[in-house]
Amino acid sequence: MSDRLPPLTALRAFDAAARHMSFAKAAEELNVTPAALSFQIKSLEEHLGQPLFRRLNRAVELTEAGKALAPGAAEGFEELTAAWRSVRRLQDNTTLTITAGPGLTAKWLAPRLYEFARAHPEIDLRFSATLRMLDFVRDDVDVAIRFGYGPDEGYYVLRVPPEWVTPVMSPELAEQYTSPESLMEAPLIFDESIDFLDPPCDWPAWFRTQGIDFTPTHGSHFSQADHAIDAAAAGAGVALGRRGMAVTDLHAGRLVAPFKTAIETKAHFRFLCAPGTETRPQIAAFRDWFVAEIDKTAYVSEAFEIIPVEDIPPP
């Protein structure tokens, strides 16, 4: 049997019919008549030398040969479509698709984006607020901003300064809880989105920086960092806030950080894109803006004694 591939149109017809298990629906997807689609599949079967479908009364089903071919055909067209999109994106300097976590999008990106949009009206911004791992090619994503350790092999990576955490609260609560010891009686807020950090950057670790052996057992728990910060700004309690999540509210005065000791995590926010695409005009413009915006609030860190988490005494 020859390894020569059959016409692409015939393989496309087979792929659509195998996905829908219907010649009529496949023909509708490809915008051809059912007769034309049936002809393409028949020519494919003649090329192969055996049937790919069993034609039943009002349905079709795959033969063993069809079952063997269907996964590879589907994967092949997905790869081809992804490659085509990738090539088309290289020619598009007016659209920028960014993915970032919901918390960072709500607390850091969204309040600042008007500045980027005003400076670059020619760029059409699109956002995907998700923590799901995305494929730059398959998902039509240009830039990803992620928090953690990586690994980041195979990407262009720009790391921003390490994150730190410190107690943050509303100005009103700060008048009630004026010392680290007083926080043992405060309503504490737990941000479970940083539970993955190792070593832990949690309430017991922060208390140890103050020479206090205390493990809180009660409080409000939030799975999303922005929800924890919003609760603290509303006066619901004291959160152990991350720099990137809390800095906008600290800058605006909605939150205060009265105790000037912070824990530096070993994790970073990273600006990621496919290697080689960092020089595309819209990606380079967004990267430069991203770094400049971080620099605008760098002064916030200067007020703290920032202790690397690995230097904190163990419990």
Side-chain angles (χ1 to χ4, degrees), residues 1-102 105 124-144 146 151-156 272-277 280 282-283:
M1 181 184 297
S2 170
D3 287 335
R4 182 174 59 86
L5 289 175
L8 193 62
T9 51
L11 284 170
R12 170 64 87 183
F14 166 77
D15 172 60
R19 283 187 285 105
H20 291 291
M21 294 307 294
S22 163
F23 283 14
K25 290 180 179 178
E28 184 178 351
E29 176 189 316
L30 299 178
N31 198 28
V32 299
T33 66
L37 183 123
S38 182
F39 175 81
Q40 291 291 346
I41 291 176
K42 186 69 175 175
S43 69
L44 185 63
E45 290 174 325
E46 291 174 355
H47 186 96
L48 181 65
Q50 57 182 306
L52 295 166
F53 290 96
R54 293 187 184 90
R55 278 74 166 174
L56 307 177
N57 234 356
R58 297 194 175 184
V60 294
E61 65 179 24
L62 290 168
T63 64
E64 288 304 309
K67 291 176 182 177
L69 180 60
E75 183 178 348
F77 280 111
E78 286 178 5
E79 292 289 341
L80 187 58
T81 301
W84 181 250
R85 287 176 178 169
S86 180
V87 171
R88 289 185 63 186
R89 278 212 313 278
L90 291 176
Q91 300 173 321
D92 180 6
N93 293 327
T94 62
T95 301
L96 181 65
T97 302
I98 303 159
T99 177
T105 299
D124 180 20
L125 284 171
R126 300 175 184 177
F127 276 88
S128 174
T130 179
L131 291 173
R132 182 171 64 89
M133 293 304 296
L134 300 180
D135 184 290
F136 285 112
V137 174
R138 292 180 184 274
D139 296 300
D140 281 342
V141 171
D142 298 302
V143 172
R146 290 290 185 257
D152 298 321
E153 289 85 0
Y155 299 110
Y156 167 84
L272 307 170
C273 62
T277 65
R280 290 174 59 199
Q282 69 272 48
I283 294 179

Which heavy atom of P275 sits nearest a heavy atom of Y155, and at what distance? CD-CA, 4.0 Å

Is any side-chain heavy atom of L11 closer than 4.5 Å to a side-chain heavy atom of L44? yes

Applying salt bridge (Lys or Arg N to Asp or Glu O under 4.0 Å), name anything that partners K25, two or more places apart in sequence or on another chain. none

What is the distance from atom CD of E75 to atom CG of L80, rounded to the nearest 0.5 Å? 12.5 Å

Could you check if a side-chain atom of H20 sits within less than 4.5 angstrom of a side-chain atom of E28, using non-hydrogen atoms only? no

Evaluate side-chain contact (heavy atoms from CB on, under 4.5 Å) for T99 paired with T130, printing each intermediate quantity in order. CA-CA 7 Å; T99 177; T130 179; 3.6 Å; yes

Is there a donor-acceptor pair under 3.5 Å between the side chain of T81 and the backbone N or O of F77? yes

Just how far is it from atom OG of S43 to atom CG of L48, taken to the nearest 0.5 Å? 11.5 Å

Closest non-hydrogen atoms of R280 and D142, given as atom of the first, atom of the second and distance, are NH1-OD1, 3.3 Å

Quick one: CE on M21 to CG on L62, what's the gap to the nearest 0.5 Å? 4.5 Å

Taking every non-hydrogen atom, the tightest pair across F53 and A18: CZ-N, 3.9 Å

Do the non-hydrogen side-chain atoms of R126 and L96 ever get within less than 4.5 Å of each other? no

Nearest 0.5 angstrom please: D15 CG to I41 CD1, how far? 10.0 Å

Is it the case that more than 12 heavy atoms not belonging to F127 sit under 6.0 Å from its CZ atom? yes

Looking at T105 and A129, would you say the former's side chain and the latter's main chain have a donor-acceptor pair under 3.5 Å? no

If you define the side chain from C-beta out and look only at heavy atoms, does anything of T94 sit under 4.5 Å from D124? no

Counting C-beta onward and ignoring hydrogens, is there a side-chain heavy-atom pair between Y156 and L272 closer than 4.5 Å? no

Nearest non-hydrogen partners of H47 and L5, listed with the distance: NE2-C, 4.0 Å

Minimum-distance pair of heavy atoms, taken over all atoms of F14 and G66: CZ-O, 3.5 Å

Check ion pair R55-E61 (N to O, under 4.0 angstrom): no

Closer than 3.5 angstrom, by distance alone: can the side chain of E45 be matched with the main-chain N or O of L52 as a donor-acceptor pair? yes

S128 side chain near T97 side chain, heavy-atom distance below 4.5 Å: no

Using a 4.5 Å cut-off on heavy atoms from C-beta on, say whether the side chain of D152 contacts that of R146. no

If you look at every heavy atom in A13 and L30, which pair is closest and at what distance? CA-CD1, 3.8 Å

